[in-house]
Amino acid sequence: MLRKSLIAAAAMTLGAASLSACGSSDSGGDSGSGGSGGDETITMGFAQVGAESGWRTANTTSIQDTAEAEGIDLKFSDAQQKQENQIKAIRSYIQQKVDVIAFSPVVETGWDTVLQEAKRANIPVILTDRSVDSEDDSLYATFLGSDFVEEGEKAGQWLVDNASDMDVDGDGSVKVVQLEGTTGSAPAIDREEGFNSVIGSDDAIEVIASQTGDFTRDGGKKVMETFLSSEDGIDVVYAHNDDMGLGAIEAIKAEGLTPGEDIKIITVDAVKDGMTALANGEINFIVECNPLLGPQLMDLAKQVVAGEEVEKRVVTEETTFTQEQAKEALPDRQY
Ligand code: GZL
Ligand code: ZN
């Protein structure tokens, strides 16, 4: 469809330009990106993980709004956090001969077969948000998303830097319970790895229990209820996303304890509800994970469809928030 003619056009332009700077979109004439030169629009098939958290909702809104603003014809599916649904959606996009496929892999493994089908169909694939563990990186054009290991390191570093205030029960050790994200997902694996790599420098800090809450509020609440009845001396909760942290807050309050004081809470994402709890003192620290990937995704899609070279890895910019910083940032938060 559009892609083949654009690549042919790009090749002719490059040929005509012979040795001059190739591929740069300011080389005059039709840069080959969808929609600017030709009159056809780019069709993108996007297979989303689900709608499990505030982060995911903001991510979906960013993708849909940007596609509309950029005139990209977006086919969108919600997999309800099931890998088989994402694979079905990708196969349907291959059948429909879309120009480009993008998705956020719910877990890291099990993608090679369907990605090889896309490759055989000559349809480029962009990974967004989460990555795959495939050995063959020719199966996707680029991976746009956060560095989850770094997010875990930032959470761990704040805990180490503030350890003296974290032993709430004064028993000489900072006992942490961990609410893990979806089992097998890149953010869950990497946020645990990054966190452990930093807290290992302080013997007083130990993770006494860890279980998946599947990135949902209900999951976080149920697991925290279990921890509160089975573990003694919990000082800190480390939740892989705000939604599970907010669920933990409900469980902590139901025990008659004060979240943020009797039990300290560290989360990742910085969505509005998380930032509100942080500003109110119920959460102690949040590591941001930026969901607003729409603009970068659509730019990358145009370059990929036009046959231009793109970076294999595009890391999203993000920061961290203390309670004070949350109070300042909240009024301007987009999500
Ligand atoms: C991280 C993203 C995670 C969020 C969760 O980029 O994959 O999935 O941290 C979401 O809130 O459910
Ligand atoms: Zn303690």
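Every number for a ligand or one of its atoms is a count from 1 in the order of the listing. None of these values were measured; they are calculated from a predicted model.
Remark: E117 CD is packed, more than 12 non-hydrogen atoms of other residues, nucleotides or ligands lying under 6.0 Å away.
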Q | Criterion side-chain hydrogen bond (donor to acceptor under 3.5 Å, both in side chains) on S77 and Y93, from CA distance to verdict | A | CA-CA 10 Å; S77 64; Y93 297 145; 3.3 Å; yes
Q: Decide yes or no on side-chain hydrogen bond (donor to acceptor under 3.5 Å, both in side chains) for T128 and S104, but give the supporting numbers first.
A: CA-CA 5 Å; T128 79; S104 168; 4.9 Å; no
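Counting heavy atoms under 4.0 Å from ligand 1, residue R191 touches it through the side chain alone.
At a 3.5 angstrom cut-off on N or O pairs, E52 counts as close to ligand 1.
For atom 9 (O) of ligand 1, the nearest non-hydrogen atom from the set V271, D269, D214, T267 comes from D269. Counting heavy atoms only, D129 comes closest to atom 1 (C) of ligand 1 of the residues D190, D242, T216, D129.
Heavy atoms of V268 stay at 4.0 angstrom or farther from ligand 1. Contact analysis leaves D243 out of contact with ligand 1, as no non-hydrogen atom separation drops below 4.0 angstrom. Within the 4.0 Å heavy-atom cutoff, P187 counts among the residues contacting ligand 1.
Between the side chains of S138 and D136, a donor-acceptor pair is found at a separation under 3.5 Å. Under 3.5 Å, the side chains of T322 and Q325 contain a donor-acceptor pair of N or O atoms. If you check the side chains of E192 and H240, you find no donor sitting under 3.5 Å from an acceptor. In the model, D133 has no side-chain atom that pairs as donor or acceptor with a side-chain atom of T109 under 3.5 Å.
A heavy-atom distance below 4.5 Å is found between the side chains of F103 and I90. In this structure, the side chains of L228 and I263 come closer than 4.5 Å at one or more pairs of heavy atoms.
Within the 3.5 Å criterion, the main-chain N or O of P291 finds no donor-acceptor partner in the side chain of D129.
Atoms of ligand 1 lying under 4.0 Å from at least one heavy atom of C289, given by number and element, are 1 (C), 6 (O). Proximity to N241 (heavy-atom distance under 4.0 Å) selects the following atoms of ligand 1: 5 (C), 9 (O), 11 (O). Each of the atoms 5 (C), 10 (C), 11 (O), 12 (O) of ligand 1 lies under 4.0 Å from some heavy atom of S53. Set against the non-hydrogen atoms of F148, the atoms of ligand 1 under 4.0 Å away are 1 (C), 6 (O).
Geometrically, K264 does not engage Y238 in a cation-pi contact defined by less than 6.0 Å to the ring centre and at most 45° from the axis.
For atom 3 (C) of ligand 1, the closest non-hydrogen atom of the protein is R130 NH2, 3.7 Å.
Remark: E324 engages K327 in a salt bridge, criterion side-chain N to carboxylate O under 4.0 Å.
Excluding waters, the protein N/O/S atoms found under 2.8 Å from the Zn ion (ligand 2) are D167 OD1, D169 OD1, D171 OD1, S173 O, D235 OD2.
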